[in-house]
Undergrad: 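Before anything else, here's the structure in question.
Heavy atoms only: backbone and side chains are in, while hydrogens, waters and symmetry mates are out. This is a predicted model, so every value here is computed, not measured.
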Amino acid sequence: YILGGGAISSRLGDRIRQKEGLSYGVGSNVTAHPIDERSTFYVFAIANPANRDKVLTALGEELRRILSEGISEDELKAAVDGYLKAQTLARSNDSRLAEILTVNLFAGRDMSYTTKTEAKIASLTVQDVNEALREYLNPEALVLAAAGDFANADKNAAGGETPE
């Protein structure tokens, strides 16, 4: 959530979208399967294809920076508060609540699971998060993919035809 969960108010959003203006939207997310020991971490940016290399460089730098510097107490407090409020808001939406209940039924759990999970999140410390980041986040192991009209982006960036 600190890295890119709040797409505009996050490390990635602050740098890539707000400060450098390289992306229309940027973020990151972790999803865990409810019963399999599998999770997915991804980072994304929606940008002009001409900005591809700058965006990829900034993404890599921010991933390495969060590992080397860690997070601050203020970042943790804001992220926990924002995340927990977002979860409460999500449960106020009937279709989202139905989705949560369906996943819980599939996984054999009830809403006490949510209560316990949110209590654990509320009790996280800076040390907890920094240790988890260093254990599980490896920028070198990420698969990078870019999709777009890069041939025309290169022409436009060069101000005309791209030399053969």
Side-chain angles (χ1 to χ4, degrees), residues 1-48 51 55-56 58-139 141-147:
Y1 207 79
I2 291 169
L3 181 64
I8 293 180
S9 180
S10 65
R11 286 191 179 200
L12 295 175
D14 291 347
R15 166 137 184 224
I16 295 170
R17 182 161 193 250
Q18 306 297 82
K19 182 180 174 191
E20 296 185 29
L22 296 173
S23 176
Y24 309 113
V26 62
S28 67
N29 194 18
V30 174
T31 58
H33 193 275
I35 60 172
D36 292 338
E37 291 186 17
R38 174 179 63 89
S39 61
T40 304
F41 168 72
Y42 64 89
V43 178
F44 70 90
I46 302 166
N48 182 324
N51 291 332
V55 169
L56 289 174
L59 286 171
E61 288 173 0
E62 288 304 311
L63 288 169
R64 286 186 293 281
R65 187 170 76 90
I66 202 166
L67 290 173
S68 65
E69 295 177 9
I71 66 161
S72 71
E73 189 68 45
D74 288 342
E75 284 179 307
L76 178 61
K77 185 176 188 273
V80 166
D81 184 57
Y83 179 80
L84 294 176
K85 284 180 180 173
Q87 296 310 300
T88 300
L89 181 61
R91 290 190 297 272
S92 72
N93 176 293
D94 289 345
S95 63
R96 180 66 181 116
L97 181 58
E99 179 184 348
I100 293 166
L101 293 170
T102 301
V103 169
N104 282 348
L105 183 62
F106 173 74
R109 57 190 185 211
D110 59 26
M111 290 303 288
S112 68
Y113 174 84
T114 299
T115 302
K116 291 173 189 172
T117 300
E118 290 181 359
K120 289 178 185 178
I121 290 169
S123 69
L124 285 171
T125 67
V126 168
Q127 181 178 343
D128 293 334
V129 175
N130 286 332
E131 286 175 2
L133 283 168
R134 291 183 183 113
E135 181 175 353
Y136 295 107
L137 182 60
N138 178 358
L142 295 177
V143 175
L144 299 178

Undergrad: May I have all residue pairs that pass salt bridge (charged side-chain N to carboxylate O under 4.0 Å, His left out) and include part of residues 20-48, sequence neighbours excluded?
TA: R15-E20

Undergrad: The criterion is side-chain contact (heavy atoms from CB on, under 4.5 Å); which residues satisfy it with N138, sequence neighbours excluded?
TA: E140, A141

Undergrad: So which pairs with a foot in residues 65-93 pass ring pair (Phe, Tyr, Trp, His ring centres under 6.0 Å), sequence neighbours left out?
TA: Y1-Y83

Undergrad: What I'd like to find out is whether the side chain of L63 reaches to under 4.5 Å of the side chain of L142, using heavy atoms alone.
TA: yes

Undergrad: Is D81 salt-bridged to K85, going by a charged N under 4.0 Å from an acidic O?
TA: yes

Undergrad: Which heavy atom in L67 sits nearest to a heavy atom in P139, and how many Å separate them?
TA: CD1-CD, 3.5 Å

Undergrad: Would you give the length of the straight line joining atom CG of N51 to atom CG of L56, rounded to the nearest 0.5 angstrom?
TA: 10.5 Å

Undergrad: On a heavy-atom basis, which atom in V103 and which in R109 lie closest, and how many Å separate them?
TA: CG1-NH2, 3.8 Å

Undergrad: Can you tell me how far apart CZ (R64) and CG (L59) are? Round to the nearest 0.5 Å.
TA: 10.0 Å

Undergrad: Please evaluate residues L133 and I71 with respect to the criterion side chain to side chain contact (heavy atoms under 4.5 Å, CB included), reporting the C-alpha separation (whole Å), side-chain torsions for both, the decisive distance (0.1 Å), and the verdict.
TA: CA-CA 10 Å; L133 283 168; I71 66 161; 4.1 Å; yes

Undergrad: Which heavy atom in L76 sits nearest to a heavy atom in V129, and how many Å separate them?
TA: CD1-CG2, 3.8 Å

Undergrad: Salt bridge or not between R65 and E61? Use side-chain N to carboxylate O under 4.0 Å.
TA: no

Undergrad: With sequence neighbours excluded, tell me which residues meet salt bridge (charged side-chain N to carboxylate O under 4.0 Å, His left out) with R96.
TA: E99

Undergrad: What distance separates K120 NZ from D128 CG, expressed to the nearest 0.5 Å?
TA: 12.0 Å

Undergrad: When you measure from the side chain of S28 to the backbone of Y42, do you find a donor-acceptor pair of N or O atoms at a distance under 3.5 Å?
TA: no

Undergrad: Enumerate the residue pairs fulfilling ring pair (Phe, Tyr, Trp, His ring centres under 6.0 Å) with a member in residues 15-38, sequence neighbours excluded, ordered by first and then second residue.
TA: none

Undergrad: Could you work out, with salt bridge (charged side-chain N to carboxylate O under 4.0 Å, His left out) as the rule, every residue matching K19, not counting sequence neighbours?
TA: none

Undergrad: Using the ring pair (Phe, Tyr, Trp, His ring centres under 6.0 Å) rule, collect all pairs that involve residues 58-78, keeping only residues at least two apart or in two chains.
TA: none

Undergrad: So how far is it from L101 CG to D94 CG, rounded to the nearest 0.5 Å?
TA: 10.5 Å

Undergrad: Taking salt bridge (charged side-chain N to carboxylate O under 4.0 Å, His left out) as the test, write out the residues that go with E73, two or more places apart.
TA: none

Undergrad: Taking all non-hydrogen atoms of both residues into account, name the closest pair between A122 and L84 and its distance.
TA: CB-CD1, 4.0 Å

Undergrad: Measure across S10 and G5 and return the closest heavy-atom pair with its distance rounded to 0.1 Å.
TA: CB-N, 4.3 Å

Undergrad: Specify the closest pair of heavy atoms between V55 and A47, including all atoms of both residues, with the distance to one decimal.
TA: CG2-CB, 4.0 Å

Undergrad: Using the test side-chain contact (heavy atoms from CB on, under 4.5 Å), find all partners of Q127 that sit at least two apart in sequence or belong to another chain.
TA: T125, E131

Undergrad: Any chance you could measure L124, atom CG, to N130, atom CG, to the nearest 0.5 Å?
TA: 11.0 Å

Undergrad: For T31, check side-chain contact (heavy atoms from CB on, under 4.5 Å) against everything at least two apart and list the hits.
TA: N29, T40

Undergrad: Extract all donor-acceptor atom pairs below 3.5 Å that involve side chains of residues 112-119 and protein atoms in other chains or at least two apart in sequence.
TA:
from, atom 1, to, atom 2, distance (Å)
S112, OG, D110, OD1, 2.4
T115, OG1, M111, O, 3.4
T117, OG1, Y113, O, 2.8
E118, OE1, R91, NH2, 3.3
E118, OE2, R91, NH1, 2.7

Undergrad: Just jot down the side-chain contact (heavy atoms from CB on, under 4.5 Å) partners of D74, sequence neighbours excluded, or say none.
TA: S72

